[in-house]
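Take a look at the structure below.
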Amino acid sequence: MIQISFPDGATRSYEKGSSALDIAKSISEGLARKVLAAKINGEVWDLTRPIQQDATLQLLTWDDIDAKSTFWHSSAHLMAEAVEAAFPGAKFWVGPAIDKGFYYDIDLGDRKITEEDLASLEKNMQVLAKQNNSFVRIEKSKAEAVAYFEEKGDEYKLDLLQNLEDGTITFYQQGGFTDLCRGPHIPHTGFIKAIKLTSIAGAYWKGDEKNKQLTRIYGITFPNQKELDEYLAMLEEAKKRDHRKLGKELSIFTMDDDVGPGLPLWLPNGTIIIEELEKLAKETEEEAGYKRVVTPHIAKESMYLTSGHLPYYADSMFPPMSMDGETYYLKAMNCPHHHKIFDAEPKSYRDMPYRIAEYGTCYRYEQSGELFGLMRVRCLHMNDAHIYCTKEQFADEFRAVNDMYLKYFKIFGIDKYVMRLSLHDPEKLGQKYINEPELWQETETLVRNVLIESNIPFVEVKGEGAFYGPKIDVQIWSTIGREFTLATNQVDFAQGRRFKLSFTNQNNEPEVPLIIHRAPLGTHERFIGFLLEHYAGKFPVWLAPVQAKVLPISDKFVEYAKEVGQTLKKQGIRIQVDERNEKIGKKIREAELMKIPYMLVVGEKEMQENSVGLRLQGKGDAGMITVAAFGEKVRQEILERKSMD
RNA sequence: GCCGUUGUAGCUCAGUGGUAGAGCACUUCCUUGGUAAGGAAGAGGUCGUGAGUUCAAUUCUCAUCAACGGCUCCA
């Protein structure tokens, strides 16, 4: 007998070799029908795999994230079975579960799969699923496994095998499909009731662009049709929040073929948001002891050789231009210019920390396939600043920058983000990272400690650092699930020396400053793209391009509406008057669609009482209010940069 | 940059080997209406661009540009 302990603390005895499914059945038949996989001693197992020793057991149903992964991984196998039937000889690389669904990378040889094929694959998957084929775990020795795939001529699986240790290799088989696979899997295909193959894409083998491109098919499955329908409906909802769609609807920005890809044109509405953000940044930075600077958009090649950017990033800078025998580049970053400002006048320890800030315009030649609305562009306006400080000042300065981030996030109500401590990869020292192993260690520890001391939750990621030092990136996800770095806070121990920057310390010796690069509001492009999605276009009053719109009931009240408009405009409120000869319902509808926070309906009653009929966007009629009281209320909300309830 | 898809009016989208259509938006007129679309008329497109096939191309072929879904990249 073996002892099985359950999550609630209970322990029960079972016969040696019992499976998790046997145990589930012993508890209840209903549970046994629902359960998809089991966690044995914290490791996810097939339900049918015999348990030979005492263990802790957790039965996993659809609600559990590990069960979903198992379910989707099994669905990938089911899809592979359908693909193999439709494209005999197809070779399979890997087919993992992902956040939402699964994919499989496939080498189809010369054949091509099209969107139309997806429908027939889906149908065949339905048929195969209904056969309730079991996922059978088969153990083989490595030699047997190698022989099997050599016979099959499958170089992909042979490659996978190479990296596996000698010993037992597991295969899984369902219906007519067998695959090298670590598992685990759900008991049988019958659980998969609702299937949607979502897209076809190219994907480089092993993610390396020098390798052959495989065909990747993405899909998602559910244990019932209802959940699939809900999922598809949710995707539709997400599309409505897409900043590209909202940006057009709300006249925030536009793109034009003649201007060029990735070069957004900011329309008047978008420009208002830009200016409000800059106002916020300038106030905040002024308060935090930054000085403002302005630098040119171009610089000579020599400066980027000094900075060390050129060898690392030449490919993603716009090609150089030649003038008077000199080579110039459009700037892709502001730091070298700022270093030159630091260097323009001699500095002593009394000048430190020296903080300079600029909304710098940068140009980056992002690969054409990478451009994405406002989130990934070729012309960007960065909320940039550089802090030059002594080693002793570093921790305080770095902490102050983090605090500034948190202050901003509070204003914008940003709570869904991940702070990522991005470190170097020791294997790439000298290639992707400056070859200073000890300095890396030292600064990474410094940054980590600041985060720990400030009680900021974070994750560490190797190989994501800048070439000159570690950094903290704030990661966000667009409504369609793409990941972006919204803001960044970086340490730089390299450029100070490269630019021969120094200050005179208290011992009258020259000392190289540490540099902090920071951009809490990221770039206008990405930040506004993010805000559009974050607020679903419903900007708080202080950011809203039009803060209130006066809607006269009929022509008779246009004069009064204009008066109200003038009064509020004088108070600094961004206001419009809808003078058109339209019914009030239509004026309201359009103001609602433009997501204008306050609609001021004016007619006979309001005119007599020097009032407006207040309507709140998305909430409806809020009753009468005097013009004076409304002006006071809105001025206060703007001043506080109040977020909408 | 790579794989795949798409490109028709300001927007959303139909459609055809014989030089194009709807709804909304726009203009004018009628209507003066109290909280999400009042009515009528009108104007608006060299069908992304270039070349080829054809008597004839928006439609077929090729190239190119751009957008979209991914991959790679992201100072």
Side-chain angles (χ1 to χ4, degrees), chain A residues 103 105 108 112-116 118 198-218 242 244-245 248-249 251 254-262 304 307-310 312-317 331-336 362 364-373 375-376 380 382 384 432 464-469 471 473 480-485 488 490 492 495 517 519 526 551-558 581-593 599-606 613-623:
Chain A
Y103 67 78
D105 282 349
L108 295 169
K112 267 183 189 161
I113 190 165
T114 63
E115 303 273 347
E116 288 98 75
L118 291 186
T198 46
S199 67
I200 307 168
Y204 299 109
W205 183 42
K206 294 185 179 180
D208 186 334
E209 62 183 325
K210 290 184 203 78
N211 285 341
K212 180 170 179 176
Q213 201 159 50
L214 306 176
T215 302
R216 175 174 295 181
I217 307 175
Y218 284 90
D242 190 314
R244 293 166 295 186
K245 186 171 159 60
K248 180 171 272 176
E249 287 170 359
S251 299
T254 189
M255 300 277 191
D256 188 290
D257 276 5
D258 263 348
V259 178
Y304 296 111
S307 72
H309 282 100
L310 213 45
Y312 289 94
Y313 299 110
D315 285 349
S316 41
M317 291 175 78
K331 73 174 169 184
M333 69 298 290
N334 304 303
C335 25
C362 298
R364 296 181 179 177
Y365 192 80
E366 303 286 1
Q367 294 187 46
S368 59
E370 255 314 317
L371 301 173
F372 178 73
M375 301 294 220
R376 196 74 181 272
L380 41 101
M382 212 192 304
D384 214 355
K432 205 178 163 188
E464 290 289 335
F467 76 86
Y468 45 65
K471 57 180 180 170
D473 290 324
I480 63 161
R482 212 183 275 203
E483 184 181 11
F484 292 94
T485 299
T488 176
Q490 313 177 349
D492 181 348
Q495 288 197 57
H517 303 238
R526 191 168 288 178
L551 312 177
I553 296 279
S554 78
D555 284 355
K556 288 184 222 152
F557 310 106
V558 167
N581 178 8
E582 290 293 348
K583 293 181 108 169
I584 190 66
K586 181 159 188 167
K587 293 180 184 176
I588 286 172
R589 178 181 157 77
E590 288 181 14
E592 286 278 352
L593 289 175
M599 284 154 273
L600 311 178
V601 178
V602 296
E604 188 63 38
K605 268 186 302 182
E606 289 79 9
L614 184 61
R615 185 189 163 98
L616 309 177
Q617 201 277 333
K619 297 197 186 72
D621 197 345

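Residue numbers start from 1 in every chain, and the chains themselves are labelled A, B, ... in the order their sequence lines are given, proteins ahead of strands. What you see is a predicted model, and the numbers here were worked out from it, not measured in a lab.
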Please work out if A:Gly469 contacts a base, only the sugar-phosphate, or nothing of the nucleic acid, heavy-atom cut-off 4.0 Å. nothing
Would you mind classifying the nucleic acid contact of A:Gly620 as base, sugar-phosphate or nothing, using non-hydrogen atoms under 4.0 angstrom? nothing
How far does the P atom of B:A63 sit from the matching atom of B:U59, given to the nearest Å? 15 Å
Is it true that A:Asp473 and A:Thr485 share a donor-acceptor pair across their side chains at a distance under 3.5 Å? no
Would you state whether a donor and an acceptor, one from the side chain of A:Glu606 and one from the base of B:G34, lie under 3.5 Å apart? yes
Please verify the inter-ring angle class for A:Tyr304 with A:His309; under 30° counts as parallel, over 60° as perpendicular, anything in between as tilted. perpendicular
Side chains of A:Val601 and A:Lys587, heavy atoms from C-beta outward: is any pair under 4.5 Å? no
Roughly how far apart, to the nearest Å, are B:G45 and B:C13 at atom C1'? 15 Å
What's the closest nucleotide to the A:Ser199 side chain, out of B:G70, B:U32, B:G69? B:G69
Could you check whether A:Arg244 pairs with A:Asp242 (Lys NZ or Arg NE/NH1/NH2 to Asp/Glu carboxylate O, under 4.0 Å)? yes
Under 3.5 Å for both distances, Watson-Crick or G-U wobble, that's the pair rule; now give the dot-bracket for RNA chain B, with | marking pairs to another strand and [ ] for crossing ones. (((((((..((((....[..)))).(((((.......))))).....(((((..]....))))))))))))....
Separation between NZ of A:Lys432 and CD of A:Glu464, rounded to the nearest 0.5 Å: 6.0 Å
If you measure from the C1' atom in B:A75 to the same atom in B:G70, how many Å do you get, rounded? 25 Å
B:A36 to B:C24 separation - C1' atoms, rounded to the nearest Å: 15 Å
Can you say whether a donor on the side chain of A:Arg376 sits under 3.5 Å from an acceptor on the base of B:C73, or the other way round? yes
Which nucleotide in B:C73, B:U35, B:A67 has an atom nearest any side-chain atom of A:Ile588: B:U35
Strictly under 3.5 Å: I want the nitrogen or oxygen pairs between protein and nucleotides 6-12 of chain B, one per line.
none

Given that A:Met333 and A:Asp555 both sit by RNA chain B, which one's nearest nucleotide is further toward the 5' end? A:Asp555
Span that lies between the C1' atom of B:C73 and that of B:A22, in whole angstrom: 43 Å
Phosphate OP1/OP2 of B:C68 contacted by A:Arg244 side-chain N/O (<4.0 Å): yes
Side chains of A:Met382 and A:Asn334, heavy atoms from C-beta outward: is any pair under 4.5 Å? yes
Would you give the length of the straight line joining atom NZ of A:Lys605 to atom CD1 of A:Ile553, rounded to the nearest 0.5 angstrom? 8.5 Å
For a quick check of understanding: with a heavy-atom distance under 4.0 Å over all strands, which category does A:Glu604 fall into, base, sugar-phosphate or nothing? base
Base, sugar-phosphate alone, or nothing: which one does A:Thr198 contact when heavy atoms must sit under 4.0 Å apart? nothing
Checking only heavy atoms, does the side chain of A:Tyr204 share a donor-acceptor pair with the base of B:G1 at less than 3.5 Å? yes
Roughly how many Å apart are B:G23 and B:C62, using the C1' atom of each and rounding to a whole number? 36 Å
Between B:C11 and B:C71 - C1' atom distance, rounded Å: 32 Å
Just N and O in the side chain of A:Lys471: are any of them under 4.0 Å from OP1 or OP2 of B:A75? yes
Are A:Glu592 and A:Arg615 within salt-bridge range, i.e. N to O under 4.0 Å? yes
Can you find an N or O donor on one side and an acceptor on the other, under 3.5 Å apart, linking the side chain of A:Ser368 with the base of B:A66? no
Any side-chain N or O of A:Tyr103 under 4.0 Å from OP1/OP2 of B:C71? no
At under 4.0 Å between heavy atoms, what does A:Gly585 touch on the DNA or RNA strands: base, sugar-phosphate, or nothing? sugar-phosphate
Any base atoms under 4.0 Å from A:Tyr218, or only sugar-phosphate, or nothing? Heavy atoms, all strands. sugar-phosphate
Kindly indicate whether the side chain of A:Leu600, heavy atoms from C-beta on, has any atom under 4.5 Å from the side chain of A:Leu614. yes
Distance in Å, A:Glu366 CD paired with A:Ser316 OG, rounded so as to fall on 0.5 Å steps: 6.5 Å
Of A:Gln367 and A:Pro552, whose closest RNA chain B nucleotide lies nearer the 5' terminus? A:Gln367
Can you tell me whether the side chain of A:Gln213 and the base of B:C2 have a donor-acceptor pair closer than 3.5 Å? yes
Measuring to OP1 and OP2 of B:G34, would you say a side-chain N or O of A:Lys586 lies under 4.0 angstrom away? no
Classify A:Tyr312 by what it touches in the nucleic acid, base, sugar-phosphate, or nothing, heavy-atom distance under 4.0 Å. nothing
Nucleotide nearest A:Arg615 when distance is taken to its side chain, options B:G1, B:A36, B:C74: B:A36
Of the listed nucleotides B:C74, B:A37, B:U35, the one nearest the side chain of A:Lys432: B:C74
Treating A:Arg526 as the side-chain partner and A:Met375 as the backbone partner, does any N or O pair qualify as donor plus acceptor under 3.5 Å? yes
Scan A:Lys605 against the nucleic acid and name what it touches under 4.0 Å (heavy atoms): base, sugar-phosphate only, or nothing. base
At 4.0 Å (heavy atoms only), tell me whether A:Ala201 reaches a base, stays on the sugar-phosphate, or touches nothing. base
Quote, to the nearest angstrom, the P distance that separates B:A51 from B:A56. 15 Å
Please state whether the rings of A:Tyr313 and A:Phe467 are parallel, tilted or perpendicular, taking 30° and 60° as the class boundaries. tilted
Please classify the nucleic acid contact of A:Ile584 as base, sugar-phosphate, or nothing, using heavy-atom distances under 4.0 Å. sugar-phosphate
